[in-house]
Amino acid sequence: MKILYKLTLLVTSFLMITGCNDYLNINDDPNNPTDAPLSGLMARTSFETGDNVQNVGSITSFYVQYLASPNPASSTDVMEPIPYDQTWFELYDVMTDISDMQVLATEEEASHYLGIANILQAINLGLTVDMWGSIPYSEAFFAQSITPPYDDDQQLYSEILSLLNEGITLLSAPNTNDSFEPATDDFIYEGDVSLWIKAANALRARYLLHESETPSFNAQSVLSATDAGFDASEENATVSYFDVQINPWALVAINNEDLLLGGWISEQLIESMDGTTYGYVDPRMPYMFGTTDEGVFIGVENGAGRGDAAEQGDRSYLVEGGYYTSRTSSLEIITFSEQKFIEAEAALRASNPTRAYQAYLDGIESHMQTIGVPQEEILIYLNNPLVAVGSGNLTLDLIFKEKYIALFLNPETYNDARRYDFQYEDMTVAANLNPDLNGNFATRLVYPDSETQRNSGNVPTVTLLDKIWWDQ
Amino acid sequence: MKKFFTFWMISWLVCASIVTYAQQRTVTGKVTDAEGNSMPGVSVVIDQTTQGTVTGPDGVYTLEVPVGSETLVFSFIGYTTQQIAVGNQTTINVTLEEDVTQLQEVVVTAFGVEQQKRSLGYSVQSLDGAEIAKTQQPNLVNALQGQVAGVQITNSGGAPGMSSRILIRGVTSLNPSGDNQPLFVVDGIQIDNSTFESSGTPRGLSNRVADLNPNDIASINVLKGAAATALYGVRAANGAIIITTKKGKSGQLQVNFKSSFGVEEVNHYPEFQQKYGQGFSGEYQPTSFWPSYGAPVEAVQQIEPGYRMYETTKEVMQTGKIYDNYLSVSGGGENSTIFASLSYFDQEGVIPFSDWQRVSAKLSGSVAVSNKFEVQGSMVYSNSGGMRVPHDRIMETLQYWSYSRDPKDYINPDGSQNTYGNTNPLYAARFQTYEDNVDRFIGNINLKYNVSDWLSFNYRIGLDVYSDQREEITPGPLGVANETPLSSTGFIEETRINSRNLTSTFIATVNKDITDRLNATFRVGNDVFDLRRNNIVARGNEFVVPRFYHLSNVTEQLTGQFITERRLIGLYGDLTLNYDDFLFLNITGRNDWSSTLPEENRSFFYSSINLGFVFSDLWEMPAFIDYGKFRASYAEVGKDTDPYQTQLVYTTTDPLNGQVGFTRSNVLGSDQLTPERTSSIEFGLDMTMLENRLGFDLTWYKSNSADQILQVPVSNATGYTRLILNAGELENKGLELVLRGTPVRTADFTWEATLNFTRNRNTVVDIRDGIESIVVGRQFGYVGSSTTMQLIEGDPYGNLYGTSYQRYYPNGTPEGLTELDRDRPIVIGADGFPVRNVNQLIIGNAQPDWIAGLSNTLTYKDFVLSFLIDTRIGVDQFSQYDNFYAAFGQLDYSLDRNAVVVFDGVQSDGSRNDIPVWLGQGIGPDGSNYGASFYRNSFRGVSENFVQDASFVKLRNISLSYNLGQNLISRTPFRSASLTVSANNIILWTPWQSFDPESFSAGAGGNATAFTGLGYPGVSSYFLTLNLSL
C-alpha cells in the first residue's frame, strides 16, 4: 500500500509539473503571424515606396521652392536643422521589409520577387542616401548590432547600381520558381517584368547622372541606360492609390481645405510659369495647382508667410482633383519625361545637341500630355521661340528649367538643384533663412534624433552645408 | 490588555453590587453599534466612581444612578468611549462608534488574512465603509483621495464616469506604457481595473473599478510596500488595495436605505476676455475663422446694433445632476448570514449630453455547515456606461467659436448644423456619439475548513468577467440642402471587449504555541491566475444612406482583433513568530511561474522578512505614552511582463485592392527576458499617547525596481524601433506620516483629525547603455511649444522638456545646459522681443513635491461635521488649454494686445532692454509691421509659458450630518435616520490659470500625466443625502 501511495504521489506530481508547463505555454502571439508571405511583403513595400517618395518630396518641395509655408519663418521653408525622424523611420521600415523579402525570395528561389525587391531597395536606398549621405546599410535591418555602423555614401551608390543591375539580370531570365510570380500584389507594375526592367534602366540613368560633377561621370553610360529605359509615359513607374487609401498630395489639399494649412505654392514656381521670370506663360499651371478666388495665380514667398492673406481664396495652393491631387492619382517614382530630360542633359554633356534637343522637347511634351494639357496648347508652347530654341541654342539652363516644371513635387528636383547649385532663374534663399546657412541653400539633411540619441557613437557630425559625395 | 479590561469590569461589578446609595433612580437604555446591532458586554459606569454595570445579550442595561451623578461613561474595547450627561433622563440609548485608532485594530492583509495591526512589520492603512461612503464618490478610487498616506490619486477629468489614476509610493516602471497602478482585490479575488481609452479623440472612459458600488464596501486596506504585498507576488508590485465588501451579521434583519441627490458645476474657469470679438487685426469680420482678434465690442455695436458678446464656454456648461439610490438588506441566524443590495446611480455631466449610469446588485452569504466547515459566497452584477462626449473636440471648437454668436443655438430646423463656418461645439457634443455599455459579474466561493484548533484550510475561487460594448458614430452628410456636415463621410465603430479573470487560491494555516510565550503561524498556499481578453473592433466608413447608422450601410468595412492571455501559478509560504505579543517576526517566500516569460526563465523565487517590535510593552515608558512600535522590513518581489514580448512577429495592414500587406513588427521581442526585481526596505514607528488622543505612524522607505523589462528605443537601422530588453532601474524613496489626534473631547463635542502626508522622490538609476532617453509622452503645442515628458538616467521621473525664452549668462550659455533657470533675466533680441530658445530644456517636473490630506470630524450632539482638505504641491503640467487660448487671444491677459511695452530683460550684451515694441497685429504705432501679434508670433510658441504650477489645495469633501436623536427616533419605525448635506472638490487655492488642474488626457492607464490636453473640465458637486435604517 505504501508503495502504491508513493507511486501515486510521484505520478500526480509529474502530471502536475508537465501539466503546468502546458498550461503556461500560451505566449505565442495569437494576434500576429510569425511569418510573412512574399505577396504580403510585396504589397506593403511596393505601395509604401510611393509614400516614401512623397514623404521625401514633402521636404524637398520647400527646399526647391515648389511649395512655401503660409506661416512666416516655417522651419522647413527657412531650412532649419530639422531632424526628420518620421521620414527616416518610414524609409528604414520599408527597406527592412524589402530585406525580408530578399531573404525569403532567395530561400524560395523566387527570382522575380528577388529582382523586384532589389529594384525597390535601390529606390528607397537612393532616396535615403541622397538626403543624408552616409547611412547604416551593410549591417542594418536584422538587429545585428543595436548601434549599426555607417557606410560611406559613395560606396552606397555602387550598391544602388548593383542592386539595379542584379534586378535587371534576375528579371531578364525566366522565373526560377513558378509558384511565386508577382502580380496584383505589386502596386507599381502588377508584376509586369518588362516594365520593371525599363524602370530599372531609367533609374540607372538617374543615379549615373547624379555623378555629373564627379570625375567618374560617363555620359555615354547614362545614354545607354536611357536607351534601355521607358518608351512612353504609359510606362512610368507610379504607385496606385485607392478610395480607401488616397493619394498623399490629395490629402494635403483636402486638409488645406479643412484649414489644416499646407500645399501652398511658392512664388518662385508661379513666377517661373506665369511670365514674370521668363516673359511667357506656361499653360500647365491650372493642371498643377489652384487660383485665388479672383482666378489668378499668386504664390507665397518662401519663409515670408502669407502676410495679410486669408486662409482661403487669396493664394494658390494644391486643390483636390487633377493629375497630382486626385484621391486616386498615381504617385510618380520615375517618369518617361524625367528620363528624356536625363537623356537631354547627358547628350548635351556628350556634345550631341541634336539628340539633346529632341529629348528636351519630348520631355516637355510628354509631361504636358501626362497632366492633361490639350494638344493645341502644347503645340503653342512647343512652338514658342523661347522654348523651341533649336538644337544649337539648347543650354543646360533650359533643360534644368523645364525639368524643374516637369518633376513638380518629385524629390529628384532637389538632387538636380544641388548639382545645378540652385542656379534656377531668380531663385533666392528663403526670407528669414536659418542664419547658420550664411545665405546658402541647405545641401543635405541633418541626421534624425533617433540616430543622434540612440546611435551617437556612429552617426557622423554634419551641418546643413555639408555635401553628399556627388555634389562637388 | 484584554485581561486587564476583564479584571477591571469584574472589579467594578463587584463594587457596584456592594455599594448602595440612599437616593437613587433607575436609568435604562440600549447600546448599539453604528449599524444598529445590539452590543452586549458594554461597560456603563457612573463617571468618577467605580459604580456601573454591563449590558446584557440584547444590549440593554439598567443602572441605579444616585442623584447628583451627572455623567455616564459607556466603553467597549475597540469602540470610542462616550460620556453622556444624565440630566433628568431615565432612558439613555447610546450608539458606540468603532475606534479605528485602537491598538487592537485588525487589518486585512494579503489573501484576506486578518491580522492585528500591532503584529505587522510594515505599513498598512485602512478605511472603513463609512469613510468611503461619506465622500459621495461614485468611483471607489476617488473615495481614497487624501485619506491614505503614500497614495496619490488623480482625476483624469470631470466627466461622468471618467477614470481616476491611483499610484502607491510613486511610479515604479520606466516603461512608458507600463502599468504603475496597484492590484485591486475584492473579497480575496483579483479584479480588473483597466482603462481602455477610446481609439480616436479622447472620450474619458472609466477605469473598471468604477463598476463597484462604494456603498457595498465594508473596508479598504491599502498594502503599500513590497513587504506587505510579497505574498501576492508579481501582480502587486505596485501595491495592493484590499477591499472587503459588506456581509450579513447574525442577529435581527436590517434594512438600510440611502438616497442622494446632487448637482455639479465647473469648479474653476480661466479668466476670459470679453472685449474683442470675431475678426483679425482688430477688424470686425463676421464670418472669420478667428473668434477674438477682431474689433472691441463697443466699436462693433456702433455699426451693428444688437451685437453682443457671449461668454461662450460658460454659456455651454450646464449644471450637472447626480442621483444615487441604495438599498441593502442583511441579517442572519445562528449558522448563516446573508447580505443583499441594489443600487442605481445616474449622473449628467456639465457638458451637455454627457452622462453615466450604474446599476448594481449584490448578494453574499455564509453558512456554517458544521462548527468546522464554513462556506461563504458573494456575487455582484453591475451594468454601467454612458454617453461619452468628445470633450477634447468640444473644448477645442469652443475656442474657435465666435464670441458674438449664441453657442447654444446649435441646430437648424432640418437637423443640420447651425454654423457660420466653424464646427459648432454643441452640435458635435450631441451627434458625435460614443456610448459604452458594460455588463460585469464578479463572484467568489470561499470554503473554510478548520481541521483542529491549530490547522485550517481555506480555498477560494473567484471569477471576474465583463463585456464592454461600445458604439461610436459620427454622422456623414444628412442629405439636406446647404448643410455643413460634421464629417464628409461619417463612420460607425463597434468595439467589443470581453474579459475574464479567474483566480484560485488555496491556503493551509498552522497555528501553534511553541512555548508559553512563543506562538508560530505558518501558512502555505498556492494560487493560480488566468486572464483572457478578446477585443474586437468593426468599423464602417462612409454611410450610403444618410441618417441610418449601421455597419451594413457603409462603403468600407474594417475589422481588427486583439487577444490577450496570461496565466500565473504561485506557491508560497509565510511564517510568523509571535513572542509574548510584543515581538513579531514574519518571513515569506514565493515562487511564481508566469506564462509571459520565456520558458527557461518563467520560474522565479523571492522572499521577504519583517519585524514588528512593540517596545512600549517591554520597556517602561513615560506615562503619557500608551503605545509604541518599531517596524522594519526588507522584501524582494519579482515581476513578469505583458504577454507576447518574447517573439518576432509580422503585422498586417488593412486590405488594399484585395491585397493584405505584411510588415515586420517594429518591436523585437526577446526570448532571453528574465523577471524584473524590486527590492524594498522600510522602517517605521507607530505611537499613540495621551490616552489615545494623539498618535502617529511614520514610515520611511526605499524601493529599487531593477532589470525592468522595457521596450528600448533603438536606431531604426536595426530594422526595429524598439527592442524588448531587461534594461533599467528606477528608485523611489519616501516618507509617509499619518498623524491622528482628538484635539477636543467633551461630553457634547468632539473633534477628531487625521493628517496624511506623503513625500516621494524617485530617480532613474540606470537605463541600458546606448539609450539616451525614454519618451513617456508628448503633447502638441503651437509653433514649437510641444512639450515632452522623458526619462534620462540620473534624473527624476517626470521631467518636462520644451522650448523657453533664452536666459542671460554673462559668460555665454554654458555648454550642455539641460535645465532652464527661470530666475535668470530673459535675453531680448534686437527686435525688442524675447529670444526663443529652441533647445529642449527641462522646464518642469510632473511629480508632486508632496501631497497631504487633512480630514476632520467634528461631532456636536447629533450633528457631525466632517471635512477633508487635500493638497498637492510642486506639480508642473503643460496646459494645452492655455496654449490654445494664447493662440486665439482668449484670456484676459491678452487685453494688453494693443499696448506698447518694453520687455523685462537684457540685451545680448547684458545691458537692460529699453526697446519699446507693440503687442498688436499688423502695422504698429511706430510704423513697423508686427505681423500676427506678440501672442501669435512668439508667446504661443514657447513651452515655458504653458508649463505651469498645477499645485492645489482642495476642499475634497465637506459634509454636515444630522442624526435623528434617540428620543425622536424611538417614535419612528426606524433604527436610525440621518440627513447630510455635503460638497465635493472645491478648489481653495491654485496658481493654475485654466480649468481644474487635476486633469490629464491620457486616462488612468497612461503615465503621461503632465498633459492636460483639452480635458473635460473638473467639477464641484453638492449633495443632499438621506440615510434610513430599519
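In the text below, chain A, chain B and the rest are named by the order of the sequence lines, each starting its count at 1.
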Under 6.0 Å between the ring centres of Tyr137(A) and Tyr150(A)?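 Aromatic pair excluded; centres sit 6.0 Å or further apart.
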Part of [X] within contact of chain A (heavy atom distance under 4.5 Å):
{"X": "Leu558(B)", "answer": "neither"}
{"X": "Leu723(B)", "answer": "side chain"}
{"X": "Phe562(B)", "answer": "both"}
{"X": "Asn666(B)", "answer": "side chain"}
{"X": "Thr651(B)", "answer": "both"}
{"X": "Arg768(B)", "answer": "side chain"}
{"X": "Ile563(B)", "answer": "both"}
{"X": "Val660(B)", "answer": "backbone"}

At a heavy-atom distance under 4.5 Å, which candidate from [options] has the highest pair count against chain A?
{"options": "Asn929(B), Asn657(B), Leu648(B), Thr564(B)", "result": "Asn657(B)"}
{"options": "Gly661(B), Ser595(B), Gly560(B)", "result": "Ser595(B)"}
{"options": "Leu656(B), Thr721(B), Thr596(B)", "result": "Leu656(B)"}
{"options": "Glu599(B), Arg602(B), Glu565(B), Glu556(B)", "result": "Arg602(B)"}
{"options": "Gly658(B), Gly784(B), Pro655(B), Ser715(B)", "result": "Ser715(B)"}
{"options": "Val712(B), Thr663(B), Ile569(B)", "result": "Thr663(B)"}

If I measure from the heavy atoms of chain B, does [X] come under 4.5 Å with its side chain, its backbone, both, or neither?
{"X": "Phe187(A)", "result": "side chain"}
{"X": "Phe242(A)", "result": "side chain"}
{"X": "Thr452(A)", "result": "backbone"}
{"X": "Ser240(A)", "result": "neither"}
{"X": "Asp243(A)", "result": "neither"}
{"X": "Asn31(A)", "result": "side chain"}
{"X": "Asp97(A)", "result": "side chain"}
{"X": "Asn71(A)", "result": "neither"}
{"X": "Glu311(A)", "result": "side chain"}

Tell me whether the rings of Trp290(B) and Phe280(B) are parallel (<30°), tilted (30 to 60°) or perpendicular (>60°).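 Geometry flag for Phe280(B) against Trp290(B): tilted rings.
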Return the orientation label for the Tyr92(A) and Trp88(A) ring planes: parallel under 30°, perpendicular over 60°, tilted otherwise.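 Geometry flag for Trp88(A) against Tyr92(A): tilted rings.
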Between Phe888(B) and Tyr293(B), is the ring pair (Phe, Tyr, Trp, His ring centres under 6.0 Å) condition met? List the steps. CA-CA 7 Å; Phe888(B) 295 101; Tyr293(B) 272 121; 7.7 Å; no
Would one find more than 12 heavy atoms of other residues, nucleotides or ligands at under 6.0 Å from atom CZ of Arg778(B)?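 Count not over threshold, so no.
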Lys NZ or Arg CZ of Arg567(B) over Tyr23(A) ring: under 6.0 Å, within 45°: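 Satisfied, under 6.0 Å and within 45°.
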Mind ranking [options] by heavy-atom pairs under 4.5 Å with chain B and telling me who comes out on top?
{"options": "Val244(A), Asn455(A), Thr147(A)", "result": "Val244(A)"}
{"options": "Asn458(A), Val459(A), Asp100(A)", "result": "Asp100(A)"}
{"options": "Pro37(A), Ala43(A), Gly40(A)", "result": "Gly40(A)"}
{"options": "Ser46(A), Ser99(A), Ala143(A)", "result": "Ala143(A)"}

Quick one: does Trp401(B)'s side chain get under 4.5 Å of Tyr420(B)'s, heavy atoms only?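 Yes; the side chains approach each other to less than 4.5 Å.
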Atom of Ser134(A), atom of Asp153(A) and distance for their closest heavy-atom approach: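 Heavy atoms of Ser134(A) and Asp153(A) come nearest at OG-N, 3.2 Å.
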Consider only side-chain N and O atoms of [X] and [Y], and report whether a donor and an acceptor are under 3.5 Å apart.
{"X": "Ser594(B)", "Y": "Asp640(B)", "answer": "yes"}
{"X": "Thr803(B)", "Y": "Gln840(B)", "answer": "no"}
{"X": "Thr489(B)", "Y": "Asn541(B)", "answer": "no"}
{"X": "Asn937(B)", "Y": "Tyr930(B)", "answer": "no"}
{"X": "Asp642(B)", "Y": "Tyr644(B)", "answer": "no"}

Using 4.0 Å as the upper bound for N to carboxylate O, is an ion pair formed by Arg500(B) and Asp530(B)?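 Here Asp530(B) pairs with Arg500(B) in a salt bridge, since their nearest N and O are under 4.0 Å apart.
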Salt bridge check, Asp93(A) against Arg44(A): does any charged N sit closer than 4.0 Å to a carboxylate O?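 Result for this pair is yes, salt bridge flagged.
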Evaluate the side-chain hydrogen bond (donor to acceptor under 3.5 Å, both in side chains) criterion for residues Glu190(A) and Thr184(A): first the C-alpha distance (whole Å), next the side-chain angles of each, then the deciding distance (0.1 Å), finally the verdict. CA-CA 5 Å; Glu190(A) 298 199 334; Thr184(A) 51; over 6 Å; no
